[in-house]
Amino acid sequence: MSPVVAPEERAGPREPTRAAPGDRGGPGEPGGPVPPARDRARPLARLEDPLIGWVAAAAVAVLAFALRVWRLGNPREFSFDETYYAKDAWSMLQHGYVRDYVDGANERILEGDLTGLFQDEPSMIVHPEVGKWLIALGEQAFGFEPFGWRFASAVAGALMVLALVRLVRRLTGSTMLGCVAGLLLCFDGMQLVLSRLALLDVFLAMFLVLAASCLVADREWTRARLSARLASAAGEVPRWGPRVWFRPWLLGAGIWFGLALGTKWSAIYPLAAFGLLVWAWDSGFRRSIGVRWPVLRSAVLDGVPAFVHLVVVAGLVYTVSWTGWLLHAGEYEEHLSQSQYTVHLDGDPWPTSVEPDAEGFVGETWQSLRSLYHYHRDVYQFHTEDLDDSTHVYASDPAGWLLLARPVGVNVESDIAPGTQGCRAPAESTCLREVLLIGTPVLWWGGALALAYAAVAWLGMRDWRFGFALVGAVSLWLPWELNDDRPIFLFYASAVLPFTIVALTLIMGHLLGRARAPSSRRTIGTIVAGSFFVLVLLNFAWFWPIWTNGLLTRDEWLDRIWFSRWI
């Protein structure tokens, strides 16, 4: 079998005198011949057939979807924060915006009574609307009941698995390692539970994986175009280097980042971090071909177009995602002008209504955007100051997230008597059912070590792929660690997991090495990588009941609660 090489090595023949290996370095002065970058995380086998790649990725995604949709309507109740998002989504579907609901709405919904659930006043919104619109699509298709409001999450969880398979395949050139990455995500308990709940985090993670995938594709696409233009210059490097103004993959990333922002505002941190990483990639290319002052010149030739593709496009997509608010700004303003949540930081009052003026539509549009601005300012105040003194039993310190220090009990039904619901506990004991929002321990603990290795590999071996994984993970974790003076929860780290899996699979590729004849090194690498994968699978099977509301005796449950902080 032929060896598997890095993406740069698969891109085709290089220019003989001015190659563009990326920012993984190598001998030689800038502008001189640069040898191909050595792949330090080589997978075992190479499957070039794109059909095989898509079929394999689809198979892993179908498995993930089957696990997530199995008994999706169980438990038949509002679990944890579903009580907010499921009803908000239904209100948006019925009225176009979020209204307050009447007392006893949960019980009436679960009994099938969907009349008169909402009041006339709009509700205070504490998160953007994209994720809730996706939940609403499931409710439209399957009704306002647990299966309906969880269906979109199950689809998003499976699509995220598919996207990760394709991302890792592009990074490594290996369909096998891509499928391994997808299966690791498929067998994570936190991703499983979030894919079975009407919460926003699974949508946020999916959009971020899709955006990151577009960035990797853009890196390969842009360097190929720049190298081609450099070749057409007959070896003469322009003072500033070649340029590409329109980058379709970067535009796609901007759209996905906009949808991520429209789901949760925390997406702004990876948008900023990856934007800087794209600049570093581009300036690294210019440095490799001999451009002087590559960082500054890349800021103009690459940074400005990248800012438009990423930040401006994301901002436009985010604004459009608030169409429900913009079309009903009058209702919101009339209610929120008297609301306890509204805090006027500069004394500028909310308009009491949105009436057509001499400017007609333009005046209404401006007033709607102005009201949306005031809302964002007030909600920022609410999140950063009004929540500082609140507490929650499941709140956790971000420093312990990767170690799964404090999971979240989503739902629990305890003290089930022996002989009821199939409980086979001894007469002196009981059974219980629980949905615990916690990741697969072996996977998360291994992922924490993988991120530490990624930092060494990025700086020591100058492998940009480990840097990509590390930037994604850190940008989604560090902001919470720096702002942990309010209740925050372990599942906020769910978007970190795909990037830890990228680091894990790169390490597996390094252990497996090139696809040459058998050797003791390859045998040991296969045993180590394979053993880790099997341990994740066994760990997943062991914890399956406490992720899916399974019936357990108290002793069986305690066997799965390894630490007192997990209770």
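Just the heavy atoms: all of them, side chains too, but no hydrogens, waters or symmetry mates, feed the values below.
- Among all heavy-atom pairs drawn from Ala454 and Ala503, the shortest one is CB-CB, 4.3 Å.
- A donor-acceptor distance shorter than 3.5 angstrom exists from the side chain of Thr323 to the backbone of Val320, with no hydrogens or angles considered.
- With hydrogens and angles left out, the side-chain atoms of Tyr318 and Trp265 include a donor and acceptor closer than 3.5 Å.
- Around CH2 of Trp293, the count of heavy atoms belonging to other residues, nucleotides or ligands within 6.0 Å does not exceed 12.
- Across all non-hydrogen atoms, the minimal contact from Trp401 to Trp477 is CE3-CD1, 3.9 Å.
- Among residues two or more places apart in sequence or in another chain, the side-chain hydrogen bond (donor to acceptor under 3.5 Å, both in side chains) test is passed with Trp256 by none.
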Checklist line | Chi angles and distances behind the side-chain contact (heavy atoms from CB on, under 4.5 Å) call for Leu261, Leu259 | finding: CA-CA 5 Å; Leu261 283 168; Leu259 292 173; over 6 Å; no

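- Across Leu271, Ile268, Val317, a single residue satisfies side chain to side chain contact (heavy atoms under 4.5 Å, CB included) together with Phe257, and that is Leu271.
- Using a distance-only test at 3.5 Å, with no hydrogens or angles considered, no donor-acceptor pair links the side chain of Glu129 to the main chain of Thr263.
- The side chain to side chain contact (heavy atoms under 4.5 Å, CB included) test with Val536 is passed by exactly one of Asp188, Val442, Leu183: Val442.
- A distance of 9.5 Å separates CG in Leu226 from CG in Leu301, rounded to the nearest 0.5 Å.
- When the ring pair (Phe, Tyr, Trp, His ring centres under 6.0 Å) test is applied to Phe533, no partner is found at least two apart in sequence or on another chain.
- Leu403 is not listed as a side-chain neighbour of Trp444, based on a closest heavy-atom distance of 4.5 Å or more.
- Under the 3.5 Å distance criterion, the side-chain polar atoms of Ser174 are matched with a main-chain donor or acceptor of Leu177.
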Note to self: One pair to check against side-chain contact (heavy atoms from CB on, under 4.5 Å): Leu490 and Leu437. What are the steps and the verdict?
What the structure shows: CA-CA 8 Å; Leu490 173 64; Leu437 227 176; over 6 Å; no

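- Listed for the Arg170 side chain is no donor-acceptor partner under 3.5 Å among the backbone atoms of Arg166.
- Atom CH2 of Trp445 has more than 12 neighbouring heavy atoms from other residues, nucleotides or ligands inside a 6.0 Å radius.
- Salt bridge annotation for Arg243-Asp302: absent, with no cationic side-chain nitrogen under 4.0 angstrom from a carboxylate oxygen.
- When all heavy atoms of Gly262 and Ser321 are compared, the closest pair comes out as CA-OG, 4.1 Å.
- Considering only heavy atoms from C-beta on, Leu137 stays 4.5 Å or farther from Trp133 through its side chain.
- Asn539 contributes no side-chain N or O that, together with a main-chain N or O of Leu535, makes up a donor-acceptor pair within less than 3.5 Å.
- Side chain of Ser283 to main chain of Ala280: a donor-acceptor pair is present (N/O by atom type, distance under 3.5 Å, no hydrogens or angles).
- In this structure, Ala89 and Ala136 approach most closely via the heavy-atom pair O-CB, 3.5 Å.
- Ser213 contributes atom OG, which lies 7.5 Å from atom CG of Leu164 (distance to the nearest 0.5 angstrom).
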Next item on the list: Take Leu215 and Trp249 through the side-chain contact (heavy atoms from CB on, under 4.5 Å) test and state the conclusion after the steps.
Entry: CA-CA 7 Å; Leu215 293 181; Trp249 284 108; over 6 Å; no

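- With hydrogens and angles disregarded, a donor-acceptor distance shorter than 3.5 Å links the side chain of Thr440 to the backbone of Phe187.
- Tyr492 is not listed as a side-chain neighbour of Ser266, based on a closest heavy-atom distance of 4.5 Å or more.
- Nearest approach of Leu199 to Ile135, heavy atoms of both residues: O-CD1, 4.3 Å.
- Closest heavy-atom contact between Leu451 and Leu470: O-CD1, 3.6 Å.
- Atom OG1 of Thr505 sits about 10.0 Å away from atom CE of Met176, to the nearest 0.5 Å.
- Side-chain contact check for Leu171 versus Val502: some heavy-atom pair is nearer than 4.5 Å.
- With hydrogens and angles disregarded, no donor-acceptor distance shorter than 3.5 Å links the side chain of Ser298 to the backbone of Val295.
- Taking the side chain as every heavy atom from C-beta outward, Arg247 and His309 approach each other to under 4.5 Å.
- Using a 4.0 Å cut-off between a side-chain N of Lys or Arg and a carboxylate O of Asp or Glu, Arg225 and Asp218 do not qualify as a salt bridge.
- Contact of the Leu497 side chain with the Leu443 side chain is registered, since non-hydrogen atoms from C-beta on lie closer than 4.5 Å.
- When atom types are taken as modelled, the side chain of Lys132 and the backbone of His127 share a donor-acceptor pair closer than 3.5 angstrom.
- Proximity of Trp458 to Arg465: side-chain heavy atoms (C-beta onward) are nowhere separated by under 4.5 Å.
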Next item on the list: Dump the intermediate steps for side-chain contact (heavy atoms from CB on, under 4.5 Å) on Leu63 and Cys186, then the final yes or no.
Entry: CA-CA 8 Å; Leu63 172 62; Cys186 173; 4.2 Å; yes

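- With sequence neighbours left out, Trp547 forms a ring pair (Phe, Tyr, Trp, His ring centres under 6.0 Å) with Phe540, Phe543.
- Side-chain N or O atoms of Glu481 include one that pairs as donor or acceptor with a backbone N or O of Ala399 at under 3.5 Å.
- In this structure, Phe142 and Phe151 have tilted ring planes: the angle between them lies in the 30° to 60° band.
- Note that the CG atom of Leu478 and the CG atom of Asn483 stand 9.0 Å from one another [nearest 0.5 Å].
- Atom NE2 of residue His510 and atom CG of residue Asp463 lie 10.0 Å apart, to the nearest 0.5 angstrom.
- Around the CH2 atom of Trp221, the shell of radius 6.0 Å holds more than 12 heavy atoms that belong to other residues, nucleotides or ligands.
- Phe307 is not listed as a side-chain neighbour of Pro305, based on a closest heavy-atom distance of 4.5 Å or more.
- Note: Ile255 CD1 to Cys214 SG = 8.5 Å, rounded to the nearest 0.5 Å.
- For the pair Arg223 and Trp464, the cation-pi criterion (under 6.0 Å, within 45° of the ring axis) is not fulfilled.
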